[in-house]
Trainee: 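Sharing a structure, written as structure tokens. Questions coming.
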Number of protein chains: 2
Amino acid sequence: MGPQLTGAKRALGPRDRAPGEPGPLSRDAVLARALDIINLQGVERLTLRRLAAELGVSPMAIYRHVANKADLLDGVLDLLMREADVTAHDEEDWLDWLCETFLRMRVTLLAQSGALALIVSRASLGPQGLGVIEAVLARLAQRGIPRFEAARVFHHLMTYTLGSVAMLGPILQQDPALADPDERARRIRANFELLPGRQFPQLTRHGAELAAAFRDDAFAGEIRRIAKTARIGEENR
Amino acid sequence: MGPQLTGAKRALGPRDRAPGEPGPLSRDAVLARALDIINLQGVERLTLRRLAAELGVSPMAIYRHVANKADLLDGVLDLLMREADVTAHDEEDWLDWLCETFLRMRVTLLAQSGALALIVSRASLGPQGLGVIEAVLARLAQRGIPRFEAARVFHHLMTYTLGSVAMLGPILQQDPALADPDERARRIRANFELLPGRQFPQLTRHGAELAAAFRDDAFAGEIRRIAKTARIGEENR
DNA sequence: ACCTGAACACCGTTCAAGT
DNA sequence: ACCTGAACACCGTTCAAGT
């Protein structure tokens, strides 16, 4: 949505995405395939050689469209954010808008097994990520929230969202069955309760409560709480 | 401090850590060297072959003490937590105790360039990490905080801490000079302010405020705020 | 029990060459 | 301009062998 930050365009020629990938390679075609590999097989399986093989091309052909592997990863992360387009919804109330945006951000980052690893290893969300920050700050400014407050609230929301992904992501990666919230809660609880009770008396006792803290609505509740603090003017010293 | 979770013991024989690493290898000697490599050269340079070379040994010798590379990474993460020993301080007030614990956790994870990547790729903090959770829950229980509240507060503190590391870690990695808080603030601010102003009017305007949100005391303030919510009984619906 | 050497199936990347 | 082939310097890991 809106003007793209990279010069790349989606291939719109006569043959678009036909199976077997005919026509010349484009940067976007390379990135799209790379994202497919990440989604279907995980980041650690994304390899220049494998990517080339899936595109039916020599490993070196990819270097025409991508500077090196780091550039490939940057591109994939940016494509991920572009496709997720987390601010593309129409909540009217500013609080609902903030919550929905960060809920989508979290889902996006959790869906791709290695998105967080990508963020942590690269040093930013990329241009598309900057676009999200821009949109959030604009919304807060539009509501008349002072600059310092807006920056503070954005930073807290983003921090909490990334933290939540860091907490939950590795768990989800273990087993696709854990996408189901009930199954997830049962497993997390069991993980704690099955620890040696003598060594970890608290952990074994708190299994159910710790599992509950991983629930999606616990995240949503905290995001809303953080967002709400934006109304208060100067209070934190 | 306290009984170790792994059976491993620090080598205390006649020749302890002499240069050139004499005597037979031990799991702990291998892990210690691996941690050195991570600290001095970064995680991505931690390689079984390089590790072997630094230990003056054949690559395969390492497999006597470590199942595979994943096991090596788990071991290093555990060693990291063991050495940091974030609960080994004596704040008396429970609030101060919580804050100090998570401040130390953050510093520990930020200090090692790849600690977060380790956590995100492995699926837990390891046994030593569990020990930290145990200690935090014990402290909260001792204060008479109900189980559900204790789990909730711990989860929030941990989430926020990991998020903070995810936000700041990649920035610090770019340049060692950024360890200095003032230099860091200046650079973060410049990064935002130098963006194309037409595309990112908010980001360029909010540079100073966004940079301020990355300050250590902003983190400390939020941690304290989260910890304080533990006093309130049943309020969140 | 502990270590080594050679080998296998991979990596990312460079360079010279093809069309 | 775009792609290929061969090569280089690496990976993790297996297997048979040494002491």
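Since we're looking at a predicted model, the values are computed, not measured. Chain letters run A, B, ... following the sequence lines, proteins first and then strands; every chain starts at 1.
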Trainee: With the sugar-phosphate defined as primed atoms, P, OP1 and OP2, and the base as all remaining atoms, what B/S/- string results for nucleotides 4-19 of chain D, 5' to 3', for protein heavy atoms under 4.0 Å?
Mentor: BB-B---BBBB-----

Trainee: Kindly confirm or rule out a cation-pi arrangement of B/R106 over B/F219, judged by NZ or CZ under 6.0 Å from the six-membered ring centre and within 45° of its axis?
Mentor: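 Because its charged atom sits under 6.0 Å from the ring centre and within 45° of the axis, B/R106 does stack over B/F219.
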
Trainee: Before accepting this row, confirm whether a basic side-chain N of the pair B/D28/B/R82 lies closer than 4.0 Å to the acidic partner's carboxylate O.
Mentor: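 Judged by the 4.0 Å cut-off on N to carboxylate O distance, B/D28 and B/R82 do form a salt bridge.
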
Trainee: Output yes when B/D182 and B/R215 qualify as a salt bridge under the 4.0 Å nitrogen-oxygen rule, no when they do not.
Mentor: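 Salt bridge absent between B/D182 and B/R215.
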
Trainee: Should B/R184 and B/D216 count as an ion pair when the cut-off is N to O under 4.0 Å?
Mentor: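 Here B/R184 pairs with B/D216 in a salt bridge, since their nearest N and O are under 4.0 Å apart.
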
Trainee: Please state whether the phosphate of C/dC2, meaning OP1 or OP2, lies under 4.0 angstrom from any side-chain nitrogen or oxygen of B/H65.
Mentor: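 Checking C/dC2 against B/H65, no side-chain N or O comes under 4.0 Å of OP1 or OP2.
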
Trainee: Ion pair present between B/E54 and B/R50, side-chain N to carboxylate O less than 4.0 angstrom?
Mentor: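 The answer is no: the pair does not qualify as a salt bridge.
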
Trainee: Please tell me if the side chains of A/L46 and A/L35 come closer than 4.5 Å, counting only heavy atoms from C-beta onward.
Mentor: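 Sidechains of A/L35 and A/L46: no contact.
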
Trainee: Just to be sure I follow the notation: if a pair is Watson-Crick (purine N1 to pyrimidine N3 plus N6-O4 or O6-N4) or a G-U wobble (N1-O2 and O6-N3), each under 3.5 Å, what dot-bracket string does DNA chain D give, with | for pairs to another strand?
Mentor: ||.|||||...|||||.||

Trainee: For the ring pair B/F192 and B/H206, is the centre-to-centre distance below 6.0 Å?
Mentor: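 No - the distance between ring centres of B/F192 and B/H206 does not fall below the 6.0 Å cut-off.
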
Trainee: Count the heavy atoms belonging to other residues, nucleotides or ligands that lie under 6.0 Å from CZ of A/R104, then report whether that count exceeds 12.
Mentor: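 Above 12, so yes.
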
